[in-house]
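Note that ligands are numbered from 1 as they come in the structure, with each ligand's atoms numbered from 1 the same way.
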Amino acid sequence: MTGGRRSVEEHVEHVAALLASLRTRPAVRVPLARALNRVLAEPIYAPIDLPAFRNSQMDGYAVDAAAVATVPVTLPVRGVLAAGDGNSVHEAGTARKIMTGAPIPDGADAVVPVEDTDSSVDGGTATVTVHRSVGAGTYVRERGSDIAAGAELLPAGQLIAARHIAALAAVGVTAVPVRALPQVAVISTGSELVVGGTDLGPGKIFNSNGPALAASALANGADVVSVDHSDDDAEEFAAKIAHAASVAEVVFTSGGVSQGDFEVVKDVLGPRGGEFVSVAMQPGGPQGTAIVDGVPVLAFPGNPVSALVSFEMFARPLLRAAAGLPPIDPVMLPLTADLTSVAGKRQFFRGRRDGDGVTVVSGPGSHLIAGMSGADVLLDVAADTTSLRAGDLVKALPL
Ligand code: AMP
Ligand code: MG
């Protein structure tokens, strides 16, 4: 189908159906060092008690509380326990010097901090005088008091941050099952495009959609497996889309979908069952979808703001859901100034949070990508709204 008209909601639904296969993610095991920012596919149960053994919370003296019930009291010292030492046995009425993390001797039940003692060595006999009583359990970290072996440490769906890595490492977990990342390929089209770092020839522009769509995919939990560019040449594009479909689960293209003479994406994918439609939104009106060798393709328009707005509206929610990341919900913010919007199209303005409100930061042109870089929200103005006043609440989609 070519030339159809759709509402944004209809196209969202259409794309969701096309990308339905992304929703069932297999689990893959990754080493802990690669687990940051991944999403757990299964709950993790503690394989051991944490702490794994009773140990001292202080540098001090391991005692039995009964021996220090009346103070001051002087006790013989039976050696020193360092962190990393093995088990030992306590003799009632004695003390053992103990370091933080060292195992509490069997039979001892409290630690007197070194600050509450004086030690002396008299004729080869070491003693410690305790100035303050401690109850049983004082400064003892009991085995399993943080988490018991078998208890759930982290739930399925947990987005792994540094603190989760800490907990996993602490119980000796070295690899975790995480959701496989959706594999994305990006193809930008346009014979005018050159890659940054080279000189711009006459009529040429630097390719910004390729890097932008790749970064957008990465930022939303995807693995970008291919980033390519095609001139407006049907044969070249056909070869590149076939390659992209062979390595990715979803392909995003930019450019070549509107009403010009050189619409390579539409020309190649249209005859192969692709649908090229006009969505009632601005920017981002011309949109295409196709399936190439079983792989869904979202064909976004080439204007840089249109390409990014298209990604945010149609691809971001689905990629995040596939990756197990939480949705990014719109918020209602008051406008700092009046706003007018064209009738009949849902318009997306580039806005920036400004105190408690939001300010439009760029003109309406969909080529204004430097302007968009100053935005942190898209203002989503309904098709039938033509004007809003300063102070009116507007729907703002965080970028
Ligand atoms: P198109 O949708 O191919 O007609 O492109 C619309 C406008 O976006 C034109 O001004 C293109 O030069 C520009 N454009 C297309 N692709 C890119 C890209 N990858 N990076 C920057 N600008 C682009
Ligand atoms: Mg083009």
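Among protein heavy atoms, atom 17 (C) of ligand 1 sits closest to N209 ND2, 3.2 Å. The protein heavy atom nearest to atom 19 (N) of ligand 1 is N207 OD1, 2.8 Å. Atom 4 (O) of ligand 1 has as its closest protein heavy atom S258 OG, 4.0 Å.
Residue F206 has at least one heavy-atom neighbour below 4.0 Å for each of these atoms of ligand 1: 20 (N), 21 (C). Close contacts between ligand 1 and S188 involve ligand atoms 19 (N) [criterion: under 4.0 Å to a heavy atom].
Legend: residues meeting salt bridge (charged side-chain N to carboxylate O under 4.0 Å, His left out) with R34, ordered by chain and number and at least two apart, are absent. Judged as a ring pair (Phe, Tyr, Trp, His ring centres under 6.0 Å), and not counting sequence neighbours, the contacts of F311 are F252.
Rounding to the nearest 0.5 Å gives a distance of 9.5 Å between CG of L168 and CD of Q158. L325 CG to R179 CZ: the interatomic distance, rounded to the nearest 0.5 Å, is 8.5 Å.
Checked by distance only, ligand 1 and G255 stay at 3.5 Å or farther apart across all their nitrogen or oxygen atoms. An N or O contact shorter than 3.5 Å links N303 to ligand 1 by distance. Checked by distance only, ligand 1 and G256 come closer than 3.5 Å through their nitrogen or oxygen atoms.
Checking G260, S208, G302, P301 against atom 5 (O) of ligand 1, the nearest heavy atom belongs to G302. Nearest-residue assignment for atom 22 (N) of ligand 1 (options I205, T189, I187, V186; heavy-atom criterion): I205. When the options H367, H229, E192 are ranked by their closest heavy atom to atom 9 (C) of ligand 1, first place goes to E192.
The closest side-chain donor-acceptor pair between S341 and T386, if any, does not fall under 3.5 angstrom.
Hydrophobic clustering of Ile, Leu, Val, Met, Phe, Trp and Tyr side chains at less than 4.5 Å, counting indirect connections, keeps V178 apart from L181.
Within the structure, the closest approach of F262 to ligand 1 does not fall below 4.0 Å when heavy atoms are considered.
Using a cut-off of 4.0 Å between Lys/Arg side-chain N and Asp/Glu carboxylate O, K240 and D228 are scored as salt-bridged. A salt bridge links R346 with E9: the distance from a Lys NZ or Arg NE/NH1/NH2 to an Asp or Glu carboxylate oxygen falls below 4.0 Å.
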